[in-house]
Undergrad: 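Input: one structure, supplied below.
Predicted, not measured: the structure shown is a model, and the values here were computed from it.
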Amino acid sequence: MSKLDIVVYFIVSAAVVVAYSLGVVPRLGRRGYPAGALRGTTAAVPAGTLLVLYGADRPVLLYIGAVVMLATTTSVPQVFGRVAAMHSADPGAVVFRLRQTMVAGFILGLGVYSAASFVGVEPLLVGSGFAAISAFTAWSRYFSGAVREPANNGANPSSKHTRTVAAALVAGAILVVALMKGVDTLRAIYLPLYATQVGISNEAIAPLFIVTAVTELLLLPVLRKVTLKLGEFATLAVICAIAVVAFLVLFALRGYGTILASQVLYAAFAAGFQSIGVVVLARVTGKDVGQGAAIFMTVIQTGSVLGAVLPLTVPGYQSGIFVIAAALCLLSTAVCLALQRGESVRSSPGGSVSP
């Protein structure tokens, strides 16, 4: 495929994800995330993956396969919504635990991909097999029936001022998640390219991502405790500040050990925005965790485009790319601190900040 074909493919895929997240998931949420929907969407994923694999040279089959395969973006919010509804006393803790499971799956996926490539088996074929296993587990008794419709957990503003503040919180939360996803996409695309340019072998690039994932897995319980103590926006501000340091290290210093150390720092950012972001979007919009996850998936489509496009302002794959990431993190820190201030205004009596 040409570069233009690839760009079009990803734009269409992003549009499909947005359609699923805003059109399908809210309807399923209102129906209590019925088991049949989860079973149907998980069963579609392996079939769609095979269509992408074997129809790549035929555009019609390729796009049909992509649409079917991307049903996975509805399955994740359904699982989040069902599990959170069954443990409604602490939905935030549920999101962190599920995020741990997803990170562990990411690490497993990296290993399986490498093993499949090593023995000469088509990785997408193996991926389709794993998706089929996932579909099989959706028939577990745990997912039978529907769950009760979760209560609206958002505030019900009573004055024009507090409604304005609530709307600003929603807009600010969306902005922060989009910016942070832009940073994550920038790092995912351009870190390997930069590493190659500075002479790091291809075999040594994968460990950069593995060490981040493993550190993220270890940090998630710690971040949960910090979030309970400081609040979501303050915790996001802290991890964005840590990410600023991680990217400035990449910009100022070279060497494999330095890059590896920067990715350990970056793990706090990766762990935080993908777990806290779901909780924040659910809370400020007054939705359940499942629909919060769907909104999260919608917002990160915009962030992905931002992270892919902004580095085009820097020639080649120079370390200056990471200054852009640091700037986005710095902006995210400022917005998070403003949102924390806004929440204190909304929660205090009369809509004014308590002394």
Undergrad: Is the count of non-hydrogen atoms from other residues, nucleotides or ligands lying under 6.0 Å from Tyr142 atom OH greater than 12?
TA: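 Atom OH in Tyr142 is packed in, count exceeds 12.
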Undergrad: I'd like to check the side chain to side chain contact (heavy atoms under 4.5 Å, CB included) partners of Val18; sequence neighbours left out, ordered by chain and number.
TA: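 For Val18 the side chain to side chain contact (heavy atoms under 4.5 Å, CB included) partners, ignoring immediate neighbours, are Leu22, Thr298, Gln301.
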Undergrad: Does Val126 reach the side chain of Val121, with side-chain heavy atoms less than 4.5 Å apart?
TA: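 With C-beta onward as the side chain, the pair touches.
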Undergrad: Please check: side-chain N/O of Ser134 versus main-chain N/O of Phe130, any donor-acceptor pairing under 3.5 Å?
TA: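 Not at all, since once roles are kept as given, no pair shorter than 3.5 Å links the two residues.
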Undergrad: On a heavy-atom basis, which atom in Leu236 and which in Cys336 lie closest, and how many Å separate them?
TA: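 Looks like CB-SG, 3.6 Å.
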Undergrad: Would you mind reporting whether Met69 and Leu51 have side-chain heavy atoms less than 4.5 Å apart?
TA: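 Answer no - side chains too far apart.
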Undergrad: Less than 4.5 Å apart, any side-chain heavy atom of Val170 and any of Ile174?
TA: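 The answer is yes; the side chains approach within 4.5 Å.
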Undergrad: Can you see which heavy atom on Leu220 is nearest to which on Ser275, and at what distance?
TA: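 So the minimum-distance heavy-atom pair works out to CD2-OG, 3.9 Å.
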Undergrad: With a 6.0 Å cut-off on the ring centroids, do Phe209 and Phe106 count as close?
TA: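 Ring-ring flag for Phe209/Phe106: false, centres at least 6.0 Å apart.
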Undergrad: Keeping Thr185 on the side-chain end and Gly182 on the backbone end, is there a donor-acceptor pair under 3.5 Å?
TA: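 Not confirmed, Thr185 side chain does not pair with Gly182 backbone.
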Undergrad: Evaluate side chain to side chain contact (heavy atoms under 4.5 Å, CB included) for Leu310 paired with Leu328, printing each intermediate quantity in order.
TA: CA-CA 10 Å; Leu310 280 179; Leu328 292 177; 4.0 Å; yes
Undergrad: So Ser75 and Thr42, side chain to side chain donor-acceptor pair (under 3.5 Å) or not? Walk me through it.
TA: CA-CA 6 Å; Ser75 302; Thr42 52; 5.4 Å; no
Undergrad: Is a side-chain N or O of Gln340 found less than 3.5 angstrom from the main chain of Phe233, in a donor-acceptor match?
TA: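 No: the side chain of Gln340 does not pair with the backbone of Phe233.
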Undergrad: Using the side chain to side chain contact (heavy atoms under 4.5 Å, CB included) rule, take Val45 and Thr41 through it: C-alpha gap first, then chi angles, then the decisive distance, then the call.
TA: CA-CA 7 Å; Val45 178; Thr41 52; 6.0 Å; no
Undergrad: Side chains of Val76 and Met297: does their closest heavy-atom pair fall under 4.5 Å?
TA: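 Touching, per the 4.5 Å side-chain cut-off.
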Undergrad: Going only through I, L, V, M, F, W and Y residues with side-chain contacts under 4.5 Å, is there a path from Val323 to Tyr190?
TA: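 Different hydrophobic clusters.
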Undergrad: Please answer whether the main-chain N or O of Arg27 pairs with a side-chain N or O of Arg31 as donor and acceptor at a distance below 3.5 Å.
TA: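 Absent.
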Undergrad: First locate atom CG of Leu281, then atom CD1 of Ile300, and finally report the distance between them rounded to the nearest 0.5 Å.
TA: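 Taking CG in Leu281 and CD1 in Ile300, the distance rounds to 10.0 Å.
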Undergrad: At what distance, to the nearest 0.5 angstrom, does OH of Tyr54 lie from CG of Leu125?
TA: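 Tyr54 atom OH to Leu125 atom CG measures 4.5 Å (nearest 0.5 Å).
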Undergrad: Would you give the length of the straight line joining atom CD1 of Ile259 to atom CG of Leu191, rounded to the nearest 0.5 angstrom?
TA: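 Those atoms lie 6.5 Å apart.
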Undergrad: For the OH atom on Tyr113, are there more than 12 heavy atoms of other groups (residues, nucleotides or ligands in this structure) within a distance under 6.0 Å?
TA: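 Counting neighbours around OH of Tyr113, 12 or fewer heavy atoms of other residues, nucleotides or ligands fall under 6.0 Å, so no.
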Undergrad: Taking the six-membered ring for Trp, are Phe296 and Phe273 parallel (under 30°), tilted (30 to 60°) or perpendicular (over 60°)?
TA: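 Phe296 vs Phe273 ring planes: tilted.
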Undergrad: Would you say the side-chain atoms of Glu122 pair up with the backbone N or O of Leu124, donor to acceptor, closer than 3.5 Å?
TA: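 Yes; at least one donor-acceptor contact below 3.5 Å.
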Undergrad: Working to the nearest 0.5 Å, report the span between OG1 of Thr285 and CD of Gln291.
TA: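 So the gap between those two atoms works out to 8.0 Å.
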Undergrad: What is the minimum heavy-atom distance between Pro192 and Ile205, and which atoms define it?
TA: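 Of all heavy-atom pairs spanning Pro192 and Ile205, the closest is O-CD1, 3.6 Å.
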Undergrad: Could you measure the distance from the CG atom of Leu186 to the NZ atom of Lys181? Nearest 0.5 Å is fine.
TA: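 If I round to the nearest 0.5 Å, the distance is 11.5 Å.
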Undergrad: Is there a side-chain contact between Gln100 and Pro221 in this structure, where contact means two heavy atoms from C-beta onward sitting under 4.5 Å apart?
TA: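 A side-chain contact under 4.5 Å exists here.
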Undergrad: Please report the C-alpha distance between Tyr33 and Leu38 in whole Å, then the side-chain angles of each, then the deciding distance to 0.1 Å, and finally whether the side chain to side chain contact (heavy atoms under 4.5 Å, CB included) criterion is met.
TA: CA-CA 8 Å; Tyr33 300 106; Leu38 181 63; over 6 Å; no
Undergrad: Check whether any side-chain heavy atom of Leu248 sits under 4.5 Å from a side-chain heavy atom of Phe322, and report yes or no.
TA: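 A side-chain contact is absent here, since even the closest heavy-atom pair is not under 4.5 Å.
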Undergrad: Flag the pair Phe247 / Tyr266 as yes when their ring centroid distance falls below 6.0 Å, and as no otherwise.
TA: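 For Phe247 and Tyr266, the ring centres are under 6.0 Å apart.
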Undergrad: Which atom names give the shortest non-hydrogen contact between Ala243 and Phe269, and what distance separates them?
TA: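 Scanning both residues, the minimum pair turns out to be CB-CD1, 3.5 Å.
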Undergrad: Hey, is the main chain of Arg187 close enough, under 3.5 Å, to the side chain of Tyr194 for a donor-acceptor pair?
TA: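 Not a single qualifying donor-acceptor pair exists.
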Undergrad: If you group Ile, Leu, Val, Met, Phe, Trp and Tyr by side-chain heavy-atom gaps below 4.5 Å, do Val244 and Leu339 land in one group?
TA: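 Val244 does not cluster with Leu339.
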Undergrad: Run the side chain to side chain contact (heavy atoms under 4.5 Å, CB included) test on Leu265 and Val245 for me, step by step, so that the C-alpha distance in whole Å, both residues' side-chain angles and the decisive distance to 0.1 Å come before the verdict.
TA: CA-CA 8 Å; Leu265 287 174; Val245 176; 4.2 Å; yes
Undergrad: Are Ile200 and Val264 connected, step by step, through hydrophobic side chains (Ile, Leu, Val, Met, Phe, Trp, Tyr) whose heavy atoms are closer than 4.5 Å?
TA: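 In one cluster: yes.
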Undergrad: Show the nearest heavy-atom pair for residues Ser21 and Ala294, with the distance to one decimal.
TA: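 Ser21 and Ala294 have their closest heavy atoms at CB-O, 3.2 Å.
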Undergrad: Hey, what do you get for NZ (Lys229) to CZ (Arg224), rounding to the nearest 0.5 Å?
TA: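 It is 15.0 Å, given to the nearest 0.5 Å.
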Undergrad: In the structure I gave you, are the side-chain heavy atoms of Ile276 and Phe96 within less than 4.5 Å of one another anywhere?
TA: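 The answer is yes, as the side chains (C-beta and beyond) meet within the 4.5 Å cut-off.
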Undergrad: Which heavy atom of Thr227 sits nearest a heavy atom of Thr235, and at what distance?
TA: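 Heavy atoms of Thr227 and Thr235 come nearest at CA-OG1, 3.3 Å.
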Undergrad: Is the closest side-chain heavy-atom distance between Glu216 and Arg99 below 4.5 Å?
TA: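 The answer is yes, as the side chains (C-beta and beyond) meet within the 4.5 Å cut-off.
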Undergrad: Do you reckon Leu218 sits in the same ILVMFWY cluster as Ile242, going by side-chain contacts under 4.5 Å, direct or chained?
TA: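 In one cluster: no.
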Undergrad: Between Ile295, Val95, Leu98, Val177, which is the residue that forms a side chain to side chain contact (heavy atoms under 4.5 Å, CB included) with Val278?
TA: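 Of Ile295, Val95, Leu98, Val177, side chain to side chain contact (heavy atoms under 4.5 Å, CB included) with Val278 is met by Val95 alone.
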Undergrad: Quick check: is Leu208 connected to Leu219 through a chain of hydrophobic side chains (ILVMFWY, heavy atoms under 4.5 Å apart)?
TA: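 The answer is no; the residues belong to distinct hydrophobic clusters.
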Undergrad: Hey, does the side chain of Arg82 reach the backbone of Phe143 with a donor-acceptor pair shorter than 3.5 angstrom?
TA: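 Checking the backbone N and O of Phe143 against the side chain of Arg82, a donor-acceptor pair under 3.5 Å is found.
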